[in-house]
Undergrad: 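If you scroll down you'll find the structure; I have some questions about it.
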Amino acid sequence: DDTVLQLSFYGGARIIGNGHFCRWYFMVNNQPCRDSSGNPRGDIDTKFHGSANVDLHRTMLLEGVCFRNAQGEVKKGTHKISLRVEGNGDCYTGWSSNNRFTVREIVKPVNILG
C-alpha cells in the first residue's frame with residue numbers, strides 16, 4: 001500500500017508516584033504500529049517518570065507515522081485508533097485541558113538515507 005497513518009496527540013498528561021512511570025502509546029486496530037520494514041516495534045510512544053510523589057503535570061505532544069499492520073488488513077479510512085497508557089504510576093491524560101487528536105492518511109515517506 002502507498003499510504004501510512006500520521007498520528008498526533010497534543011494535550012495534558014499527569015503522573016504521581018516516586019520511582020513510577022507512565023507510558024503513552026498509539027494502537028491501530030488493537031495492534032502496535034509497525035516500522036517501514038514491517039517490524040512490530042514501530043512504536044509511537046513516550047514515557048514520564050515520577051519522583052518524590054510530586055503531582056507532575058506536563059503538556060505532551062506525541063506524533064509519528066504508523067505503517068500498515070498487514071497488507072490488505074483494513075480498507076482506507078476504516079481504522080480504529082486509540083491512545084493508551086500503561087505503567088505503575090497514577091497516570092492521567094487530558095487533565096483539565098483542551099486536547100487535540102489528529103489522524104491523517106498520507107503518502108508513505110521515502111527513506112532517503114537508505
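None of the values given here were measured: they were computed from a predicted structure.
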Undergrad: Using every non-hydrogen atom in the two residues, find where Thr46 and Met60 come nearest and quote the distance to one decimal.
TA: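 Here Thr46 and Met60 meet closest at CG2-SD, 3.5 Å.
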Undergrad: For a quick test of your reading: what N or O donor-acceptor pairs under 3.5 Å do the side chains of residues 16-25 make, sequence neighbours left out?
TA:
residue, atom, partner, partner atom, Å
Asn18, OD1, Ala52, N, 2.8
His20, ND1, Asn88, O, 3.4
Arg23, NE, Asp45, OD2, 2.9
Arg23, NH1, Glu86, OE2, 3.0
Arg23, NH2, Asp43, OD2, 3.2
Arg23, NH2, Asp45, OD2, 3.3
Trp24, NE1, Thr93, OG1, 2.5

Undergrad: Give me the atom names and distance for the closest heavy-atom approach of Cys91 to Val85.
TA: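 Heavy atoms only, the tightest pair is CB-CG2, 3.7 Å.
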Undergrad: State the CD1-CG distance between Ile81 and Asn30, to the nearest 0.5 angstrom.
TA: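 That separation rounds to 10.5 Å.
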Undergrad: Taking CZ in Arg104 as the centre, count heavy atoms belonging to other residues, nucleotides or ligands within less than 6.0 Å. Is the count above 12?
TA: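 Check fails, neighbour count at 12 or below.
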Undergrad: Let me see the working for Asn39 and Ser37 under side-chain hydrogen bond (donor to acceptor under 3.5 Å, both in side chains), right down to the final yes or no.
TA: CA-CA 6 Å; Asn39 183 331; Ser37 65; 5.3 Å; no
Undergrad: Search all heavy atoms of Lys108 against all heavy atoms of Val4 and return the closest pair with its distance.
TA: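 Reported closest heavy-atom pair: CG-CG1, 3.9 Å.
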Undergrad: Is there side-chain contact between Asp90 and Arg14, with heavy atoms separated by less than 4.5 Å?
TA: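 When only atoms from C-beta onward are counted, Arg14 and Asp90 do touch, with a gap below 4.5 Å.
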Undergrad: Using every non-hydrogen atom in the two residues, find where Leu7 and Cys33 come nearest and quote the distance to one decimal.
TA: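 Scanning both residues completely, I find the closest heavy atoms to be CD1-SG, 4.3 Å.
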Undergrad: Just verifying a value: how many Å separate Ile106 CD1 and Leu5 CG, rounded to the nearest 0.5 Å?
TA: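 Output value for this atom pair is 8.5 Å.
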Undergrad: Which atom names give the shortest non-hydrogen contact between Gly50 and Ile15, and what distance separates them?
TA: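 Scanning both residues, the minimum pair turns out to be N-CD1, 3.7 Å.
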Undergrad: Would you say that more than 12 heavy atoms from the other residues, nucleotides or ligands in this model lie under 6.0 Å from the OH of Tyr10, or not?
TA: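 Result for OH/Tyr10: open.
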Undergrad: Look at the side-chain heavy atoms of Ile, Leu, Val, Met, Phe, Trp and Tyr, link any pair under 4.5 Å apart, and say whether Met27 and Leu62 land in one connected group.
TA: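 No, it is not one cluster - the side chains of Met27 and Leu62 are not joined through contacts under 4.5 Å.
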Undergrad: Return the OG to CD1 distance between Ser8 and Ile44, rounded to the nearest 0.5 Å.
TA: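 Result: 9.5 Å between the selected atoms.
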